[in-house]
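For reference, positions follow the sequence shown, starting with 1.
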Amino acid sequence: MPIDLASLRKLESPSPSMLAQPLDDAQRVAVIVRLHANATAPDCLSSGRPIAPDIVTAEIAAADLAGLEADPAVRSIALSRPLQPS
């Protein structure tokens with residue numbers, strides 16, 4: 001079932017283009033997840049990399065976004081945008 005990004009309240013500042021089309025469950029997305037202080041990262045972020053205290057970056061399946069939304073350890077989620085060629 002496609003993921004509707006507009007339904008995710010913890011998602012930080014999604015652009016209109018990101019909201020335009022739902023993501024397929026299996027689609028991989030790069031996320032930056034801010035956790036509450038001293039919280040344990042959810043299992044779907046286990047292959048991720050901490051970039052600062054309480055901030056993890058990872059590539060996850062779009063289906064995992066709903067789990068991050070529901071996880072009380074997660075403060076906010078940002079989708080990483082692809083870099084534009086120069």
Contacts of A66 that satisfy side-chain contact (heavy atoms from CB on, under 4.5 Å) - sequence neighbours left out: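 Partners of A66 by the side-chain contact (heavy atoms from CB on, under 4.5 Å) criterion come out as none, since no residue qualifies.
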
Name all residues meeting the side-chain contact (heavy atoms from CB on, under 4.5 Å) criterion together with R75; count only those two or more places apart in sequence or in a different chain, and write none if there are none.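 R75: side-chain contact (heavy atoms from CB on, under 4.5 Å) contacts with R34, H36.
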
As a quick check of understanding, evaluate side-chain contact (heavy atoms from CB on, under 4.5 Å) for I32 and V56, giving each step before the final call. CA-CA 6 Å; I32 302 166; V56 178; over 6 Å; no

Identify whether L79 and I55 are in the same connected component of the hydrophobic contact network (ILVMFWY, side-chain heavy atoms under 4.5 Å).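 Unlinked, L79 and I55 end up in two clusters.
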
Going hydrophobic residue to hydrophobic residue with side-chain gaps under 4.5 angstrom, can you get from L45 over to L23? yes

For S76, give me all partners under side-chain hydrogen bond (donor to acceptor under 3.5 Å, both in side chains), at least two apart in sequence or on another chain. E12

Between I60 and C44, which heavy-atom pair has the shortest distance, and what is it?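 For I60 and C44, the tightest heavy-atom pair comes out as CG2-O, 3.5 Å.
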
Of all heavy-atom pairs linking A73 and A39, the shortest is CB-CB, 3.7 Å

Which residue pairs satisfy the salt bridge (Lys or Arg N to Asp or Glu O under 4.0 Å) criterion with at least one member in residues 42-58, sequence neighbours excluded? none

Listed once per pair and sorted, the salt bridge (Lys or Arg N to Asp or Glu O under 4.0 Å) pairs that draw on residues 56-71, sequence neighbours left out: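 Applying salt bridge (Lys or Arg N to Asp or Glu O under 4.0 Å) to every pair that reaches into residues 56-71, excluding sequence neighbours, yields R28-E59.
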
Do L68 and P42 have side-chain heavy atoms sitting under 4.5 Å apart? yes

Given 3.5 Å as the limit, does a donor-acceptor pair link the side chain of T57 with the main chain of V31, or not? yes

Quick check for you: to the nearest 0.5 Å, what is the distance between I77 atom CD1 and L8 atom CG?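 If I round to the nearest 0.5 Å, the distance is 6.0 Å.
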
What's the spacing between L35 CG and T40 OG1 if we round to 0.5 Å? 8.5 Å

